[in-house]
Amino acid sequence: MNTISIQPNISEQISNIKKEEILHISIPVDVYLQEAEDLARWMVKDLEKLAKIGITQAQLDNLQERISALREAQTSWVEDKKSMPAIQDQWNKIAIATESLKQDLIASYRFAFRNHPELLSKVNKMARNKKQVDLVMDTGKLAMLGEFNSNLLQAIGFDMNKLKQAQQLSEESSDILAQLNNFKIDGRETKHYRDQAYTYLKLLMNQLKEGGKYTFRNDPERLKGYKSEYLNKKNLHARRKTVQTHE
């Protein structure tokens with residue numbers, strides 16, 4: 001997972017946003033970031049008039065900080081999403097190989113241990129386990145069980161090299177599964193932080209846009225800079241679709 005390099009105080013304020021306070025993302029983040037950049041540039045010419053309602057240069061500077069924070073959080077989230085398929089693919093491949101070997105060992109052990117109820121019980125218990133972590137652990141346990149009872153396996157002509165293979169697959173699959181689980185956890189945390197950063201930016205954006213809409217309510221040329229072009233197009237498309245449906 002990527003590390004966030006924004007200012008500590010900004011990061012802390014973002015992290016303090018509670019889960020229930022996170023705002024719904026109704027616009028693609030990259031589009032929202034561009035609209036925020038556009039707003040920041042648009043406001044420069046209007047600061048003198050906006051100052052009359054309490055909007056200052058400090059808020060404009062803060063807007064840039066929040067934009068940077070969300071941009072970094074979004075980049076981190078996107079990179080995590082790109083990394084996930086690769087590690088998932090590694091796990092899928094090794095899980096298939098490990099499961100195949102596990103079933104082969106179980107079949108051989110059941111025959112070799114058929115006259116040893118205690119050993120057979122251990123094998124049957126592992127055969128019932130279906131979780132990912134069970135696959136990893138059981139394959140290693142089966143390798144050890146085979147080593148401890150090698151005489152019974154040799155008696156049925158079992159290929160003892162499979163025990164080393166099982167131990168190796170157990171170790172490799174354990175490492176890959178740990179990476180996969182960490183990616184899932186990190187991915188959730190990265191997305192959560194991205195959503196917090198979006199909320200942090202949107203809260204200020206809403207204030208600035210409301211102020212701009214009020215200040216320039218009678219000036220259509222300046223007013224348009226405080227409206228979302230994306231949402232305007234989306235709403236227009238929805239209205240046209242509604243009209244076509246009722247025609």
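For the numbers below, each heavy atom of this structure counts, side chains included, while hydrogens, waters and symmetry mates do not.
- Closest heavy-atom contact between Phe183 and Ser83: CE2-CB, 3.4 Å.
- With hydrogens and angles disregarded, no donor-acceptor distance shorter than 3.5 Å links the side chain of Gln167 to the backbone of Ala143.
- Here the CD-CG distance, from Gln196 to Leu23, works out to 11.5 Å after rounding to the nearest 0.5 Å.
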Inset, instruction - I would like to know whether Arg66 and Leu70 meet side-chain contact (heavy atoms from CB on, under 4.5 Å); could you show each step before the answer? - result: CA-CA 6 Å; Arg66 298 189 188 206; Leu70 177 55; over 6 Å; no

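- Under a cut-off of 6.0 angstrom, the local environment of CE in Met160 is crowded, with over 12 non-hydrogen atoms contributed by other residues, nucleotides or ligands.
- Shown here for Gly146 and Tyr109, the closest heavy-atom pair between the two residues is CA-OH, 3.2 Å.
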Inset, instruction - Check step by step if side-chain contact (heavy atoms from CB on, under 4.5 Å) holds for Lys184 and Gln88. - result: CA-CA 10 Å; Lys184 289 179 178 178; Gln88 182 70 60; 4.2 Å; yes

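- Using a distance-only test at 3.5 Å, with no hydrogens or angles considered, no donor-acceptor pair links the side chain of Ser173 to the main chain of Ala95.
- Of all heavy-atom pairs spanning Ala69 and Ile14, the tightest one is CB-CD1, 3.6 Å.
- Scanning for salt bridge (charged side-chain N to carboxylate O under 4.0 Å, His left out) contacts around Glu37 gives Arg71, with sequence neighbours left out.
- For the salt bridge (charged side-chain N to carboxylate O under 4.0 Å, His left out) test, no residue two or more places apart in sequence or in another chain qualifies with Asp159.
- Here the CD atom belonging to Gln74 is positioned 11.5 Å from the CG atom belonging to Leu201, to the nearest 0.5 angstrom.
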Give every donor-acceptor pair under 3.5 Å between a side-chain atom in residues 110-118 and any protein atom, sequence neighbours left out.
unit_1 : atom_1 : unit_2 : atom_2 : d
Arg110 : NE     : Asn124 : OD1    : 2.9
Arg110 : NH2    : Asn124 : OD1    : 3.2
Arg114 : NH1    : Phe111 : O      : 2.5

Return a table of donor-acceptor pairs under 3.5 angstrom between the side chains of residues 147-156 and protein atoms on other chains or two or more places apart.
unit_1 : atom_1 : unit_2 : atom_2 : d
Asn149 : ND2    : Leu145 : O      : 2.9

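- Put simply, the side chain of Asp104 does not reach to within 4.5 Å of the side chain of Ser100, judged on heavy atoms.
- Within the 3.5 Å criterion, the main-chain N or O of Ala178 finds a donor-acceptor partner in the side chain of Asn182.
- Between the CD1 atom in Ile25 and the OG1 atom in Thr199 there is a gap of 7.0 Å [rounded to 0.5 Å].
- Residue pairs meeting the side chain to side chain donor-acceptor pair (under 3.5 Å) criterion with at least one partner in residues 43-58, sequence neighbours excluded, are Asp46-Arg222, Asp46-Tyr226, Gln57-Asp61.
- Using a 3.5 Å distance cut-off with no hydrogens or angles, the side chains of Glu65 and Asn62 do pair a donor with an acceptor.
- Within a 6.0 Å radius of CE in Met84, other residues, nucleotides and ligands contribute more than 12 heavy atoms.
- Not counting sequence neighbours, the partners of Glu172 by the side chain to side chain contact (heavy atoms under 4.5 Å, CB included) test are Ile94, Gln168, Leu169.
- Distance check, rounded to the nearest 0.5 Å: CG of Leu142 to CG of Leu101 gives 8.5 Å.
- For Lys164, the side chain to side chain contact (heavy atoms under 4.5 Å, CB included) criterion is met by no residue, not counting sequence neighbours.
- Considering all non-hydrogen atoms of both residues, Lys162 and Leu105 come closest at CB-CD2, 4.3 Å.
- Annotation for Gln64 and Ala40: closest pair NE2-CB, 3.4 Å, computed over non-hydrogen atoms.
- Checked against side chain to side chain contact (heavy atoms under 4.5 Å, CB included), Val31 has the following partners two or more places apart in sequence or in another chain: Ile27, Pro28, Glu35, Tyr230.
- For Asp134, the side chain to side chain contact (heavy atoms under 4.5 Å, CB included) criterion is met by Asn129, Lys131, Asp138, not counting sequence neighbours.
- By the salt bridge (charged side-chain N to carboxylate O under 4.0 Å, His left out) test, Lys202 pairs with no residue at all, sequence neighbours left out.
- The hydrophobic cluster containing Ile106 does not contain Met144, counting ILVMFWY residues as joined when their side-chain heavy atoms lie under 4.5 angstrom apart, directly or transitively.
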Inset, instruction - With side-chain contact (heavy atoms from CB on, under 4.5 Å) as the test, would you mind laying out the steps for Val44 and Arg41 before giving the verdict? - result: CA-CA 6 Å; Val44 172; Arg41 286 192 293 271; 5.5 Å; no

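- Using a 3.5 Å distance cut-off with no hydrogens or angles, the side chains of Gln179 and Asp175 do pair a donor with an acceptor.
- The closest side-chain heavy-atom distance from Thr139 to Met126 is not below 4.5 Å.
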Legend entry - Full working for side-chain contact (heavy atoms from CB on, under 4.5 Å) between Leu177 and Trp91: CA-CA 6 Å; Leu177 181 59; Trp91 166 253; 3.7 Å; yes

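- Ser170 places a side-chain N or O within donor-acceptor distance of the main-chain N or O of Val136, the cut-off being under 3.5 Å.
- Between the side chain of Lys102 and the main chain of Ala127, no donor-acceptor pair closer than 3.5 Å is present.
- For the atom pair CZ of Arg128 and NZ of Lys130, the computed distance is 10.5 Å after rounding to the nearest 0.5 Å.
- Here the side chains of Lys213 and Lys227 are in contact, with some heavy-atom distance below 4.5 Å.
- A side-chain donor from one of Gln34 and Asp38 sits under 3.5 Å from a side-chain acceptor of the other.
- For the side chain to side chain contact (heavy atoms under 4.5 Å, CB included) criterion with Leu204, the lone passing option out of Leu39, Leu60, Leu63, Ile67 is Leu63.
- Qualifying ring-ring contact (aromatic ring centres under 6.0 Å, His included) partners for Tyr198, counting only residues two or more places apart in sequence or in other chains: Tyr32.
- Counted within 6.0 Å of NZ on Lys122, heavy atoms from surrounding residues, nucleotides or ligands total 12 or fewer; the atom is thus considered open.
- For Lys224, the salt bridge (charged side-chain N to carboxylate O under 4.0 Å, His left out) test picks out Glu221, with sequence neighbours left out.
- Distance check: Ile55 CD1 to Met43 CE gives 5.0 Å after rounding to the nearest 0.5 Å.
- With a 4.5 Å cut-off on side-chain heavy atoms, Val29 and Trp77 do not count as touching.
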